[in-house]
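As structure tokens, the structure follows; a few thoughts come after it.
Every number for a ligand or one of its atoms is a count from 1 in the order of the listing. Given the structure is predicted, the values throughout are model-derived calculations rather than measurements.
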Amino acid sequence: MKSLNIIGGGLSGLGLANGLLSAGIPVTVTEAGHYPRHRVCGEFLTSLREDTLEGLGITECFSESVRHQSTAWYRRGKKIRSYKLPEPAIGISRYTLDKCMVSVIREKGGRVIEGVREPISPKEGTLFATGRIPTHKGKIGLKGHWSSLQTEEDLELHLGKGAYVGLSAVEEGFVNVCGLFSRIAQGEFPCPVERFYATLKLHDLEHLTGRLESGQYRELSFCSVTGLDYSRKSNLGIGDHNRQIPPFTGNGMTIALESAQRIMPYAVKYAMEELDWKGFQDKSQSTLHNHYKQRYLQARLAHPFLLNPVLQRFTAIIARAGFLPFKTLYHLTHS
Ligand SMILES: Cc1cc2nc3c(=O)[nH]c(=O)nc-3n(C[C@H](O)[C@H](O)[C@H](O)COP(=O)(O)OP(=O)(O)OC[C@H]3O[C@@H](n4cnc5c(N)ncnc54)[C@H](O)[C@@H]3O)c2cc1C
């Protein structure tokens, strides 16, 4: 039986490794960073099915997660409207989730090599799950955890000037505060959180600063990522490396795990020598393309309504008037 090497130990790489090991296929994951660590992510999972978790053998990693039922939207501090989510969502931090998925891989006899950045050069038996392809332009993602912070609904979505920020609970009483911004505050700051506050202010979201200051910041939870460009695609590998979907108008965490489940049968066939490497790649890519092409398109069309000031205003007006088809938009962008 052939083994597989997975480069990148985020959700898609760890998900696939877990699934393959459950099917008896030997796997090595090589990850540039170390576990556990905080990641820039809204940590809000929608439309994730039980059978995906069971198929990948990672159900236990969601034992500490919380369930979400509702959302409230705000624009520049003023409430727009509350909505009930069409289906419950899941809240769990990447710190806990990635850590658990790595330990399950090791328990199943798989290898996870940490702290090694591999070159992205195609090789038989090596699959890329290395996340976004960074660019010099693109958006900036910032996130941190706070405790002693109440949210009005399970997910608060705050629209700012060229930015949006989500607040939602994860395990152990923490609230994840994560946003997508057009730029980051420049200058010297005594600590990263002060830069976060200054960036909120820069995007007309300073009303959030007071709330965050009244809560308790979780040490070392602040992280940032730059060069988020949602128009790039590689059509190779899985997860964000294949293609990124903008947060809130798409569910990248679920797509990362689902993609692992969808390509698993071909990876198993490759390992059993029933399919050659090219056959595996062709089948995987056409499966992912067929399943998600519509979703990427809808997400890209919907995303400007959260970021562009004129479209944001339009969104707020029709939502306040009760004409926003929230349920339909949710289904178009999440399932
Ligand atoms: C601001 C923001 C908010 C988001 N909020 C949500 C949300 O609420 N819900 C949701 O569903 N999705 C959300 N997403 C999207 C979600 O985070 C991603 O879609 C998901 O993490 C993709 O998983 P992945 O495994 O493909 O990539 P990643 O999780 O990014 O993992 C890639 C891994 O590869 C490693 N790596 C990279 N290069 C190399 C190399 N050369 N060698 C070795 N290792 C390497 C990296 O260190 C990383 O660990 C959000 C994204 C952003 C930016």
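Between the Q186 side chain and the I184 main chain, a donor and an acceptor come within less than 3.5 Å of each other. Judged by distance alone, the side chain of T254 and the main-chain N or O of T46 form a donor-acceptor pair under 3.5 Å. Looking at D204, its side chain never comes within 3.5 Å of a backbone N or O of K161 through a donor-acceptor pair. Between the side chain of N308 and the main chain of P304, no donor-acceptor pair closer than 3.5 Å is present. In terms of modelled atom types and a separation under 3.5 Å, the side chain of T30 and the main chain of V116 share no donor-acceptor contact. With hydrogens and angles ignored, the 3.5 Å screen pairs no side-chain donor or acceptor of S47 with any backbone N or O of S335. When atom types are taken as modelled, the side chain of R262 and the backbone of S284 share no donor-acceptor pair closer than 3.5 angstrom.
When the heavy-atom distances from atom 29 (O) of ligand 1 to R94, E118, R117 are ranked, the shortest goes to R94. In this comparison of G141, P247, G15, the heavy atom closest to atom 52 (C) of ligand 1 sits on P247. Comparing C178, C41, A32, S12 by heavy-atom distance to atom 44 (N) of ligand 1, the nearest is A32. Relative to atom 31 (O) of ligand 1, the option among G91, G10, G13 with the closest non-hydrogen atom is G10. Nearest to atom 20 (C) of ligand 1 by heavy-atom distance, out of D240, N176, T30, is D240.
In this structure, the ring of Y83 has its center less than 6.0 angstrom from the ring center of F326.
Residue contacts with ligand 1 for I7 involve side-chain atoms from C-beta outward but no N, CA, C or O (heavy atoms, distance under 4.0 Å). Within the 4.0 Å heavy-atom criterion, the part of R37 lying near ligand 1 is the side chain and not the backbone. The part of L228 lying near ligand 1 is the side chain, judged by heavy-atom distances below 4.0 Å.
Atoms of ligand 1 found under 4.0 Å from any heavy atom of E43, numbered from 1 in the order shown, are 7 (C), 8 (O). Atoms of ligand 1 found under 4.0 Å from any heavy atom of G42, numbered from 1 in the order shown, are 3 (C), 4 (C), 5 (N), 6 (C), 7 (C), 8 (O). Taking every non-hydrogen atom of G239 and a distance limit under 4.0 Å, the qualifying atoms of ligand 1 come out as 26 (O). Of all atoms in ligand 1, listed by their number and element, those nearer than 4.0 Å to a heavy atom of L11 are 25 (O), 29 (O). Annotation for ligand 1: atoms under 4.0 Å from non-hydrogen atoms of A256 are 23 (O). Remark: ligand 1 atoms within the under-4.0 Å shell around heavy atoms of A129 are 32 (C), 33 (C), 34 (O). Each of the atoms 42 (N), 43 (C) of ligand 1 lies under 4.0 Å from some heavy atom of V116. For ligand 1, the atoms sitting less than 4.0 Å from at least one non-hydrogen atom of N251 are 11 (O), numbered in the order shown with element in parentheses.
Among pairs with a residue in residues 101-110, those fulfilling side-chain hydrogen bond (donor to acceptor under 3.5 Å, both in side chains) read N18-K108, S22-K108, R106-E114, at least two apart in sequence or across chains.
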Just list the side-chain donor-acceptor pairs under 3.5 Å for residues 162-174, sequence neighbours left out, or say none.
from: Y164; atom 1: OH; to: P247; atom 2: O; distance (Å): 2.6
from: Y164; atom 1: OH; to: H303; atom 2: NE2; distance (Å): 2.7
from: E171; atom 1: OE1; to: S93; atom 2: N; distance (Å): 2.9
from: E171; atom 1: OE2; to: S93; atom 2: OG; distance (Å): 2.5
from: E171; atom 1: OE2; to: T96; atom 2: OG1; distance (Å): 2.6

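K2 NZ: more than 12 foreign heavy atoms inside a 6.0 Å radius.
Residue contacts with ligand 1: K143 is excluded, as none of its non-hydrogen atoms falls under 4.0 Å. R132 does not count as a contact of ligand 1, since none of its heavy atoms falls under 4.0 Å from the ligand. Using a 4.0 angstrom heavy-atom cutoff, I245 does not count as in contact with ligand 1. Distances shorter than 4.0 angstrom do not occur between any heavy atom of L45 and any atom of ligand 1.
For G252, a nitrogen or oxygen atom sits less than 3.5 Å from a nitrogen or oxygen atom of ligand 1, counting backbone and side chain alike. Checked by distance only, ligand 1 and I238 stay at 3.5 Å or farther apart across all their nitrogen or oxygen atoms. Remark: ligand 1 and V225 share no N or O pair separated by less than 3.5 Å (distance only, no angle test).
Taking the centre and axis of the six-membered ring of Y296, the NZ or CZ atom of R243 falls inside the cone set by 45° and 6.0 Å.
Of all protein heavy atoms, the one closest to atom 47 (O) of ligand 1 is E31 OE2, 2.6 Å. For atom 39 (C) of ligand 1, the closest non-hydrogen atom of the protein is T130 CG2, 3.5 Å.
For the cysteine pair C61 and C100, the distance separating the two SG atoms is below 2.5 Å.
For the side-chain hydrogen bond (donor to acceptor under 3.5 Å, both in side chains) test with E156, the passing option among K79, Q150, R211 is R211; the others fail.
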